[in-house]
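Inspection log for the structure reproduced underneath, given as structure tokens.
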2 protein chains.
Amino acid sequence: MQIHDHFVELIASGEWESGKLLESENELARKLAVSVGTVRKALDVLEAGHLVSRRQGRGTTVNDQSSDEFNIHFSNLRIGDGQRVTGTISSVDVEEAEADANEQRQLKLKKGDTVFRCVRVREYHGRRFMFERLAITKKLLPDLDEAQFSIARVVAIAAKRNGILLGTGTEKVCVNTADPEVSKALSIAPGTPLLRLDRVINMMDGMPLEWRVADCHLQEKYYMTDFV
Amino acid sequence: MQIHDHFVELIASGEWESGKLLESENELARKLAVSVGTVRKALDVLEAGHLVSRRQGRGTTVNDQSSDEFNIHFSNLRIGDGQRVTGTISSVDVEEAEADANEQRQLKLKKGDTVFRCVRVREYHGRRFMFERLAITKKLLPDLDEAQFSIARVVAIAAKRNGILLGTGTEKVCVNTADPEVSKALSIAPGTPLLRLDRVINMMDGMPLEWRVADCHLQEKYYMTDFV
DNA sequence: CCAGATTTGTTCGTATGTATC
DNA sequence: CGATACATACGAACAAATCTG
């Protein structure tokens, strides 16, 4: 884990930039004065966290956490044969505010901390299907401004700029019905049953960074999980 | 994987009975004429599949796949602080029939194969909350009869009797509204939005064994998944 | 198309750390 | 307190995939 954390630091600091082909396991082991097995295990953990990709005969490369391939693993929405989908953003509304009680609890903030609040609509193949409300800890992303929220994966991109690495997340799923605001945004009848996705994404140190509550009109899409 | 499969065979055949404390890694390695590292890796995979539990200083024990602790990992329904729940069965209706087209597809059956079809209602703290329809491949569980379906985990228990080990599973989640049958069974208004859980449980060789479609009136419960 | 070098994947055998009984 | 078991690490070797000239 010491070696792992060292590697995380190298990635977060930008010393290991995304796309870079790392030195071989043997070289890393020699430079860090540990066994290759130890380097291997650290890289295994990094790979499990989607931070690097490894291929026999080729080497180990650093993944870009602002890329779509990285971020799509935070979506359990799927289509057709099981491919994950996120859609694209079709409308945005941003404000900056003091965190309310819920935001303080979800993002582990103190009274008086500020958040970005963002309301967005996502569409897929030209059809609006998701109404999402985001709350993002502002102090961790000081260079983030309201103009940027129209692009997908803002948080991941801003996190990368600020040397923050995304880690785990949890999502609660339940059923909700369209209130007037949502029904208008998605052009569906009020009261339409929707899938509500309540998701928190944490940083690698375990602290939450983004809280999203999304109401989702599934249409041909479905939510899927695996049991192991 | 050869060692892993060998261990699976020992568990499925009953030679390693549940609750048994295994020989140490060193002994297993010596008897199988492989390195301890190889035994460790095989045991790691078994543990990931919930077939054994390991504790430093104590040893490795075989889990009982018919136990509640094993089966609860196929449920993503949670309550309060995040504890998984399955509830208890409050009503049952069973029939034996030739698999229809959907059942053939989901359970990878051939035309003419027979299934158990079972309609059950689950309750939690005295409140009925889930209406589930099961389809189970009959030929794999020849000793299963209709009288047994009133107990939870029938399939896991029958599978154990027949030397079958449960492996992975997938679950699709979407939104559904209560039709007359479900609304009557759960004592809720017709049209009430419900969470629909469409789940297939596979055996360790990857072949499906049970298909369940459940409509769920969540109440204070919620469905939760983790991102890694 | 092939030969050789490089890199990860897998296994081996041993040694030490640490939790449990 | 000692014996035992899993957890972690070490260093070496070979297999298999990949890349290069």
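Everything numeric here is computed off the predicted structure, so don't read it as measured data. Below, read A as the first sequence line, B as the second, and so on, with proteins coming before strands; counting in each chain starts at 1.
- Near DNA chain D, defined here as any heavy-atom distance below 4.0 Å, there are no residues from residues 39-49 of chain A.
- Of the charged side-chain nitrogens involved, at least one lies within less than 4.0 Å of a carboxylate oxygen, so that A:R127 and A:E220 count as a salt-bridged pair.
- Residues from residues 22-38 of chain B that place a heavy atom under 4.0 Å from any atom of DNA chain D, listed by number: B:S24, B:E25.
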Salt bridge (charged side-chain N to carboxylate O under 4.0 Å, His left out), that's the test. Do A:K41 and A:E25 meet it? Break it down for me.
CA-CA 10 Å; A:K41 198 146 191 180; A:E25 297 174 341; over 6 Å; no
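- In the displayed structure, A:K108 atom NZ is contacted under 6.0 Å by at most 12 heavy atoms of other residues, nucleotides or ligands.
- For residues 27-64 of chain B, the pairs satisfying ring pair (Phe, Tyr, Trp, His ring centres under 6.0 Å) are B:H50-B:H73, with sequence neighbours left out.
- The A:R58 side chain lies nearest to D:dC19 when the options are D:dC6, D:dA15, D:dC19.
- Put simply, CD on B:Q56 is 12 Å from C1' on D:dT4, counting in whole angstrom units.
- Shown here is B:R161, whose CZ atom has more than 12 heavy atoms of other residues, nucleotides or ligands within 6.0 Å.
- In summary, contact between chain B and DNA chain C, defined as any nucleotide atom under 4.0 Å from a heavy atom of the protein, begins and ends at C:dT11 to C:dC21 in the 5' to 3' direction.
- With sequence neighbours left out, B:R58 forms a salt bridge (charged side-chain N to carboxylate O under 4.0 Å, His left out) with no residue at all.
- Donor-acceptor pairing under 3.5 Å is recorded for the side chains of A:E171 and A:Y223.
- Residue order along DNA chain D, read from the 5' end via each residue's closest nucleotide, puts A:M1 first among A:M1 and A:G57.
- The ring pair (Phe, Tyr, Trp, His ring centres under 6.0 Å) pairs that include a residue from residues 5-26 of chain A are A:F7-A:W16, where partners are two or more places apart or lie in different chains.
- Put simply, CZ on A:R55 is 8 Å from C1' on D:dT18, counting in whole angstrom units.
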Going through the checks in order, is the salt bridge (charged side-chain N to carboxylate O under 4.0 Å, His left out) test met by B:E132 and B:R120?
CA-CA 5 Å; B:E132 55 178 2; B:R120 300 196 299 198; 3.0 Å; yes
Using side chain to side chain contact (heavy atoms under 4.5 Å, CB included), reason through A:K138 and A:V115 one step at a time and then give a plain yes or no.
CA-CA 5 Å; A:K138 191 196 170 197; A:V115 294; 5.7 Å; no
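- Proximity of B:R54 to the phosphate of D:dA7: a side-chain N or O atom is located under 4.0 Å from OP1 or OP2.
- A salt bridge links A:E27 with A:R30: the closest approach of a Lys/Arg side-chain nitrogen to an acidic carboxylate oxygen falls below 4.0 angstrom.
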